[in-house]
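See below for the structure under consideration.
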Amino acid sequence: MFGFDIFVLALLVLFVVTVIAAVKIVPQGYNYTVERFGRYTRTLTPGLGLIIPFIDRVGRKLNMMEQVVNVPSQEVITRDNAMVRVDGVAFFQVLDAPRASYEVTDLESAILNLTMTNIRTVMGSMDLDKLLSERDEINHRLLTVVDDATHSWGVKVTRIEIKDIEPPRDLVDAMARQMKAERDKRAAILTAEGERQAAILEAEGTKQAQILAAEGRREAAYRDAEAREREAEAEARATAMVSEAIASGNVQAINYFVANNYVDALKALAAAPNQKVMLMPLEASSVIGSVAGVAEIAREAFARDSSEATPSPNSPRPSRGGSVPRV
Amino acid sequence: MMETIVTLGPWIWLILAAALLVFEMLAPGIFFMWFGLAALVTGVVALRYEIAWQWQLIWFCGLSLVTVILVNRYLRKNPTETDAPLLNQRAAQLIGQTYELVDPIENGRGSVHAGDTIWRVEGPALPKGAQVTVRGADGSILKVEPAKTDA
């Protein structure tokens, strides 16, 4: 009975160990590969998994989440022989656990080395200027090449990003100087451009002002001429009317006007305040003659009036030289 | 010690079951649960029938194994419900989606832009810009077919 007791206790230990060995709890985000006598048989997915103790064992525990690899800084020589320091990051995810376990030794190191060598290849084929300005293209080319290579490992490289591109100190200085010179050049050009524009605008303004002034003068002259024409026309018409009046009336009427103006002119001469000496280039007799002419007109007019008053007061009065034409 | 165990009789199994289940809850790892369940059943059986302690132990060992197998079988038939069954299965998440080819499919290979990265695809020859629907995945290569247009 003693032997049986020991056997039972040994059995207890065996079963406890067996159960512990058989039950595998795979956490979310991981996959376990199962090897039977060292050979891969299947993959345990997240949750409760059972393996057959003694013949099965868990081979690799694969992280199925996206992971990041830091690509350390390395020196790259560009196509135009500039040496730059470059670092980056690569993101990858295991999609096929058995392949990632058994197709490659040390998956992370493999991806890292692949990325580093490809950074050299891709960036070495580009000029420095292109390198600095076209990171998107570099990232894209790297991703395509590395992803292609990692496919057989059951891994998907989702992203490769170049973090820093650092050209040597003296090159950075030269670039800064170049940029400054470029900006200085642009500033100088812009200033000159501004001055030129200002000069043009000023000249334009002067020209416009002169044109407008000339136009004003032209318009004024035109209107002056028109006024003179109008005046002459009026003069002519007045003269015509006067001569018509004279023609239909008595010639003595003209004498009346002349005498009138004559007397007015004399009056003006006499009234001039500083007139000390009065020169009389006229013969007083002429004036008197004119006055005589006026008297003759008056006489004639009065005689006519008396003769015409008798026949009919309604008969229209014939126009005579005695009437004063209005000029 | 031994005397206490002997005095307690079959109740020792129920006490052990409770203790193991408490352990399981305190330190989850699903190791003690099987033994706890086995101890529970052994205790109930030992209370009902008169069984020698050695046989009770054998019962306990066998039941531990049986519990594991039964639970595993049950879980296989009734998988644990999750509201994100495709978690960590990046390629499977793309199945059924339609994408535009960024590289034409030539000699059976092309590529599409999906999920912020470029996926290589396998399918019938199609020009760049054609719409394709993902039907399956082999590692990082998606199997595609021309997208059906409703027009």
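Convention: sequence-line order gives letters A, B, ...; per-chain numbering from 1. None of these values were measured; they are calculated from a predicted model.
At a heavy-atom cut-off of under 4.5 Å, chain A is reached by B:Trp34, B:Phe35 from residues 33-50 of chain B, listed in order of number. Among residues 90-105 of chain B, the residues having any heavy atom closer than 4.5 Å to a heavy atom of chain A are, in sequence order, B:Arg90, B:Ala91. Contacts between residues 175-194 of chain A and chain B, defined by a heavy-atom separation under 4.5 Å, are made by no residue at all.
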Please report, to 0.1 Å, the donor-acceptor pairs under 3.5 Å made by any side chain of residues 61-75 of chain B, with sequence neighbours excluded.
{"residue": "B:Ser64", "atom": "OG", "partner": "B:Phe60", "partner atom": "O", "Å": "2.7"}
{"residue": "B:Ser64", "atom": "OG", "partner": "B:Cys61", "partner atom": "O", "Å": "3.4"}
{"residue": "B:Thr67", "atom": "OG1", "partner": "B:Leu63", "partner atom": "O", "Å": "2.3"}

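Atom CG of B:Asn78 has more than 12 heavy atoms from other residues, nucleotides or ligands within 6.0 Å. Annotation for A:Tyr30: atom OH does not count as buried by contact number, only 12 or fewer foreign heavy atoms lying within 6.0 Å. When the shell of 6.0 Å around OH of A:Tyr40 is examined, it contains more than 12 heavy atoms from other residues, nucleotides or ligands. B:His113 NE2: more than 12 foreign heavy atoms inside a 6.0 Å radius. Other residues, nucleotides and ligands place no more than 12 heavy atoms under 6.0 Å from the NZ atom of B:Lys128.
Counting heavy-atom pairs closer than 4.5 Å to chain B, the top residue among A:Leu14, A:Asp147, A:Val16 is A:Val16. Of the listed residues A:Val19, A:Leu143, A:Asp96, the one with more heavy-atom pairs under 4.5 angstrom with chain B than any other is A:Val19.
For chain B, the nearby parts of A:Leu12 are the backbone and the side chain; heavy atoms of each come within less than 4.5 Å. Proximity to chain B (any heavy atom under 4.5 Å) is shown, for A:Thr158, by both the backbone and the side chain. In this structure, the portion of A:Val155 lying under 4.5 Å from any heavy atom of chain B is its backbone and not its side chain.
Looking at heavy atoms from C-beta onward, B:Thr117 lies out of side-chain contact with A:Phe91 at the 4.5 angstrom threshold.
Remark: A:Phe7 CZ to B:Leu57 CG distance equals 11.0 Å, nearest 0.5 Å. Rounding to the nearest 0.5 Å places CG of B:Asn88 at 10.5 Å from CG of A:Leu95. Note that CZ of B:Arg120 is 9.5 Å distant from OG1 of A:Thr144, once rounded to the nearest 0.5 Å. To the nearest 0.5 Å, atoms CG (A:Leu11) and CD1 (B:Ile58) are separated by 6.0 Å. Note: B:Arg76 CZ to A:Leu50 CG = 7.0 Å, rounded to the nearest 0.5 Å.
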Exercise for review: Check the pair A:Asp5, B:Trp53 against side chain to side chain contact (heavy atoms under 4.5 Å, CB included), reporting the backbone distance first and the verdict last.
Suggested key: CA-CA 9 Å; A:Asp5 290 354; B:Trp53 67 269; 3.6 Å; yes
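Checked for salt-bridge contact, A:Asp148 and B:Arg109 miss the test: no charged N lies under 4.0 Å from a carboxylate O.
The backbone N or O of B:Ile118 sits less than 3.5 Å from a side-chain atom of A:Lys156, completing a donor-acceptor pair.
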